[in-house]
Structure formats: C-alpha cells, structure tokens
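Note that this is a predicted model, so its numbers are computed, not measured.
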Amino acid sequence: DFPEKWERISVLLKKKAVDTTVFVYSDVMYLLTYLLNPGTERVTPAAYRMNWLDGVPELEPIAWENPNGLECRGAGPLFQAAENLIRPAQQNEAQLYGNAVLFYAAKPKWDAYREEKIGRLSPEQVKVKNVWCDGLHTYTISEKFEAIDIRCREFELGKVIRVLRTKL
C-alpha cells in the first residue's frame with residue numbers, strides 16, 4: 001500500500017546518517033550512507049552489503065575505498081549509463097552545502113565499494129536568464145527526464161537597497 005502504509009521490519013542502522021541509498025548490483029543489495037560529523041558538512045561514508053536472514057535485512061560493513069568526506073555525500077539514486085553504474089554525489093565545502101554534483105562510476109565488490117570520478121555538473125553550467133545560481137546538490141534521471149535541485153537567486157535592486165540601508 002505504498003506510500004500510505006508501512007510495516008517496520010527492522011532498524012538497519014542506529015547512527016545519525018543522511019542521504020542513504022540502496023541499490024542492487026550483480027544480484028547483491030548494497031546500502032551506502034553518510035554518517036554526520038556534527039557542526040560541519042563533512043560526513044564519514046559507510047558502505048554495507050545487505051543480507052536477508054529469515055526475511056529480515058541485516059547490514060554487513062564493507063570497505064569504502066578512498067572516499068573524500070566532502071565529495072561523497074549522496075545526491076540522488078544510482079543509475080545505469082552505457083556500461084557504467086553511476087552514483088551522483090554532492091561536492092561540498094567545510095561549511096557550505098551543495099557546490100556541485102559529481103558523478104562517479106560505481107564499482108561494488110562483495111567485500112568493498114570503490115568508485116572513480118568521471119564528471120562534474122556545476123551551477124555555472126546551468127543557464128537561467130537573470131538568475132544567479134550558486135548551489136547544486138541533487139541529480140536524478142528517468143527514461144523521460146533529468147532533474148536537478150539547484151539554488152538560484154534573482155537580482156532584486158530593491159532588496160540590495162534595503163540591505164544597504166540596514167547596514168548604514
């Protein structure tokens with residue numbers, strides 16, 4: 001009865017985590033998540049293989065090879081493009097959320113998750129007339145469309161004057 005009714009089967013992870021993604025690759029289910037480091041946009045990535053025992057999922061930690069804590073946080077579901085399984089990720093700075101979306105070719109294995117950076121989409125690449133775009137942190141694609149979550153600001157002279165008045 002999605003999405004109105006849910007049945008809780010188990011708690012997979014009892015940690016503060018964000019942007020969790022579940023995907024299947026070569027008949028193995030994986031879970032990628034990002035453990036929060038308080039007071040910063042930096043996260044600690046964590047990768048798991050999901051095992052199903054008697055109908056209940058259980059996480060088994062696997063290594064995540066060479067992640068960058070400011071360039072790994074999930075930015076949408078994984079998708080297939082040509083021969084690659086692609087994972088979009090947020091590019092952040094220490095105190096700034098969503099500078100751009102990076103694209104990684106995911107290479108999961110039974111005991112480890114690794115990936116290779118293959119592209120970047122920045123706000124400057126998105127052309128919106130008379131609008132300043134300064135943040136981008138989500139990407140998704142389907143058979144019919146692509147979508148991004150971008151932060152844009154319109155130039156408003158009145159707002160600039162009001163801000164200057166309050167500072168003077």
Side-chain angles (χ1 to χ4, degrees), residues 2-4 6 11-25 29-48 64-108 113-168:
F2 176 83
E4 285 82 25
W6 294 84
V11 175
L12 293 174
L13 193 61
K14 292 182 180 181
K15 297 180 180 183
K16 290 186 178 185
V18 293
D19 302 320
T20 301
T21 305
V22 175
F23 67 97
V24 176
Y25 181 79
M29 187 174 286
Y30 295 91
L31 182 143
L32 302 178
T33 195
Y34 314 90
L35 308 176
L36 292 172
N37 294 331
T40 178
E41 286 302 325
R42 190 175 295 274
V43 294
T44 301
Y48 301 88
W64 187 322
E65 298 176 1
N66 303 315
N68 177 329
L70 288 172
E71 294 188 347
C72 68
R73 187 170 167 171
L78 283 80
F79 60 93
Q80 196 71 39
E83 300 294 317
N84 290 316
L85 179 63
I86 307 296
R87 187 181 76 83
Q90 299 173 31
Q91 183 180 41
N92 297 312
E93 292 179 10
Q95 299 297 328
L96 185 60
Y97 176 66
N99 289 346
V101 171
L102 301 172
F103 296 96
Y104 291 95
K107 303 184 184 298
Y113 175 79
R114 66 182 189 84
E115 57 191 14
E116 175 184 329
K117 193 184 305 183
I118 60 170
R120 181 178 188 271
L121 178 63
S122 69
E124 297 82 29
Q125 293 170 275
V126 180
K127 305 293 184 206
V128 181
K129 189 174 182 179
N130 298 323
V131 175
W132 172 51
C133 298
D134 69 342
L136 175 63
H137 69 87
T138 305
Y139 176 88
T140 191
I141 186 170
S142 73
E143 290 181 14
K144 295 185 179 186
F145 67 90
E146 292 174 272
I148 58 173
D149 184 347
I150 191 164
R151 182 179 53 231
C152 295
R153 301 170 194 200
E154 291 185 60
F155 177 76
E156 297 178 35
L157 183 58
K159 186 175 182 180
V160 172
I161 292 169
R162 285 191 302 277
V163 169
L164 289 174
R165 266 193 209 153
T166 60
K167 291 190 180 208
L168 297 175

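- Nearest heavy atom pair, residue Gln90 against residue Gly74, reads NE2-O, 2.8 Å.
- Between Leu136 and the choices Asn99, Asp149, Val101, the side chain to side chain contact (heavy atoms under 4.5 Å, CB included) rule is met once, by Val101.
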Quick one: do Thr166 and Arg162 satisfy side-chain contact (heavy atoms from CB on, under 4.5 Å)? Show the steps, please.
CA-CA 6 Å; Thr166 60; Arg162 285 191 302 277; 5.7 Å; no
Run the numbers on Phe23 and Leu85 for side-chain contact (heavy atoms from CB on, under 4.5 Å), then give the verdict.
CA-CA 10 Å; Phe23 67 97; Leu85 179 63; 3.9 Å; yes
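- Here Leu31 contributes atom CG and Thr20 contributes atom OG1; the two are 5.5 Å apart, rounded to the nearest 0.5 Å.
- Closest approach of Gly135 to Ile150, counting heavy atoms only: O-CG1, 2.9 Å.
- For the atom pair Leu102 CG and Leu121 CG, the distance stands at 9.5 Å (nearest 0.5 Å).
- The closest side-chain heavy-atom distance from Tyr48 to Leu13 is below 4.5 Å.
- Using cut-offs of 30° and 60° for the angle between ring planes, the Phe103 and Phe79 rings count as perpendicular.
- Distance CD/Glu65 to NZ/Lys107: 11.5 Å, rounded to 0.5 Å.
- Listed here is the closest heavy atom pair of Ile86 and Ala105: CD1-CA, 4.4 Å.
- The two residues Ser122 and Ala100 make their nearest non-hydrogen contact at CA-CB, 3.9 Å.
- Note that the CG atom of Leu78 and the CG atom of Asn84 stand 11.5 Å from one another [nearest 0.5 Å].
- Contact record, Gly76 with Thr21: O-OG1, 4.2 Å, taken as the closest heavy-atom pair.
- The aromatic rings of Tyr30 and Tyr25 sit tilted relative to each other, their planes meeting at an angle between 30° and 60°.
- Panel note: side chain Arg87, backbone Cys72; a donor-acceptor pair is recorded below 3.5 Å.
- Atom CG in Asn68 sits 8.5 Å away from atom CD in Gln91 (nearest 0.5 Å).
- Closest non-hydrogen pair, Thr33 versus Trp64, comes out as O-CZ3, 4.2 Å.
- In summary, the aromatic rings of Tyr104 and Tyr113 are positioned with their centroids too far apart to meet the 6.0 Å limit.
- In this structure, CD in Glu116 is found 12.0 Å from CG in Asn66, a value given to the nearest 0.5 Å.
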